[in-house]
Amino acid sequence: MTTFKDLGVHPEICAPLERKGITTPFAIQEMTLSVALQGTDLIGQARTGSGKTLAFGIPVVQRSVSPKDSDYVDLPQGKPQALIVAPTRELAMQVSAEISLISEDRGLRVLTVYGGAGYEPQIDALESGVDIVVGTPGRLIDLANRKVLDLSHVHALVLDEADEMLDLGFLPDVEKLVTLTPETRQTLLFSATMPGAIVALARSYMRHPMNIRAESSTE
Ligand code: ADP
Ligand code: MG
């Protein structure tokens with residue numbers, strides 16, 4: 001049986017997963033992890049509940065430079081290294097919980113931002129330094145417009161539950177966010193379904209993405 005370690009996952013990420021009893025990768029994770037860990041752009045399609053969060057979360061966390069790494073001092077201090085965009089507050093919070101779990105032993109700072117909450121705590125956190133930002137499109141754009149969210153050092157961008165972002169009318173906001181990040185970034189797009197508008201988004205903003213679809217994903 002394949003383990004996370006077999007797929008190249010760092011021991012500091014395997015350890016917190018094991019503490020939660022997560023030891024065997026789900027299909028979408030087994031199919032995407034070794035590719036995404038290399039920095040390749042990737043489109044992952046699998047049904048709801050199939051484990052897409054860790055399929056992008058592990059590569060994002062592993063490829064972020066940790067304060068424990070010697071090259072951390074070379075980074076522009078406190079600027080987000082990774083951005084994860086999710087359609088709703090609830091989904092952003094769920095994603096953030098999993099990312100925080102696997103970031104624990106790496107010492108990375110994770111911030112969740114969404115609308116309907118006060119700006120001050122989010123601005124304070126951004127000003128004190130954050131490595132990974134998880135958020136909903138509208139609030140992310142607001143914070144970028146206010147110049148407190150600097151996306152110019154993002155090396156990994158995740159568009160999570162892309163079909164739901166389309167349904168909620170967020171594609172223009174998502175496109176705006178994409179253009180605020182460097183073209184050299186790794187882009188990971190995950191979705192339960194692949195409507196034409198999402199395929200077109202991927203074509204415009206991703207570089208030779210690998211397409212991976214796990215069995216029994218919904219049409
Ligand atoms: P999706 O985004 O595809 O809808 P999630 O990433 O939210 O699915 O995962 C659904 C649930 O499965 C979560 O509670 C998550 O912690 C759990 N999970 C993910 N991967 C594994 C795994 N390899 N082993 C056990 N549980 C897992
Ligand atoms: Mg999900």
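Whatever order the structure lists ligands and atoms in, that order sets their numbers, starting from 1.
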Quiz item: Restricting to N, O or S atoms of Glu161, which is nearest to the Mg ion (ligand 2)?
Solution: OE2

Where [X] and [Y] come nearest, the two heavy atoms and their spacing:
X      : Y      : value
Ile84  : Ile132 : CD1-CG2, 4.1 Å
Arg207 : Thr184 : NH2-O, 3.2 Å
Leu101 : Pro16  : O-CB, 3.4 Å
Leu108 : Val65  : CD2-O, 3.4 Å
Asp131 : Gly107 : OD2-O, 4.4 Å
Asp163 : Ser191 : N-OG, 3.0 Å

For [atom], which protein heavy atom lies nearest, and how many Å away is it?
atom                    : value
atom 20 (N) of ligand 1 : Gln29 NE2, 2.8 Å
atom 13 (C) of ligand 1 : Glu98 OE2, 3.5 Å
atom 4 (O) of ligand 1  : Gly49 N, 2.5 Å
atom 2 (O) of ligand 1  : Glu161 OE2, 3.4 Å
atom 21 (C) of ligand 1 : Phe26 CE1, 3.4 Å
atom 8 (O) of ligand 1  : Gly51 N, 3.2 Å
atom 3 (O) of ligand 1  : Lys52 NZ, 2.9 Å

Taking the non-hydrogen atoms of [X], is any one of them nearer than 4.0 angstrom to ligand 1?
X      : result
Phe190 : no
Lys20  : no
Pro25  : yes
Arg47  : yes

Quiz item: Can you check whether a protein heavy atom sits less than 4.0 angstrom from atom 11 (C) of ligand 1?
Solution: no

Quiz item: For ligand 1, which atoms have a heavy atom of Phe4 less than 4.0 angstrom away?
Solution: 23 (N)

Self-check item: Element-labelled atoms of ligand 1 that are located less than 4.0 Å from some non-hydrogen atom of Ser50
Solution: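 Heavy-atom distances to Ser50 below 4.0 Å select 1 (P), 3 (O), 8 (O).
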
Does the side chain of [X] reach to within under 4.5 Å of the side chain of [Y], using non-hydrogen atoms?
X      : Y      : result
Asp160 : Leu91  : no
Pro87  : Thr136 : no
Leu126 : Ile123 : no

Quiz prompt | Atom pair NZ (Lys52) and CD (Glu98), whose distance is rounded to the nearest 0.5 Å | solution =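 Spacing of NZ (Lys52) from CD (Glu98) equals 11.5 Å.
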
Quiz item: Nearest 0.5 Å, what's the CD1-CG distance between Ile141 and Leu143?
Solution: 10.5 Å

Exercise. For the pair Arg19 and Asp105, evaluate salt bridge (charged side-chain N to carboxylate O under 4.0 Å, His left out) and give the outcome as yes or no after the intermediate values.
Key: CA-CA 12 Å; Arg19 294 199 289 271; Asp105 293 12; 3.0 Å; yes

Quiz item: When you measure from atom 5 (P) of ligand 1 to each heavy atom in Leu54, Thr53, Thr48, which option holds the nearest one?
Solution: Thr53

Self-check item: Side chain, backbone, both or neither: the part of Thr24 lying under 4.0 Å from ligand 1 by heavy atom
Solution: backbone

Quiz item: Quick check: does Gln94 get an N/O under 3.5 Å from an N/O on ligand 1?
Solution: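 N/O-N/O distance under 3.5 Å: no.
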
Quiz item: Checking only N/O/S atoms, does Asp160 have one that is under 2.8 Å from the Mg ion (ligand 2)?
Solution: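 Not a single backbone or side-chain N, O or S atom of Asp160 is under 2.8 Å from the Mg ion (ligand 2).
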
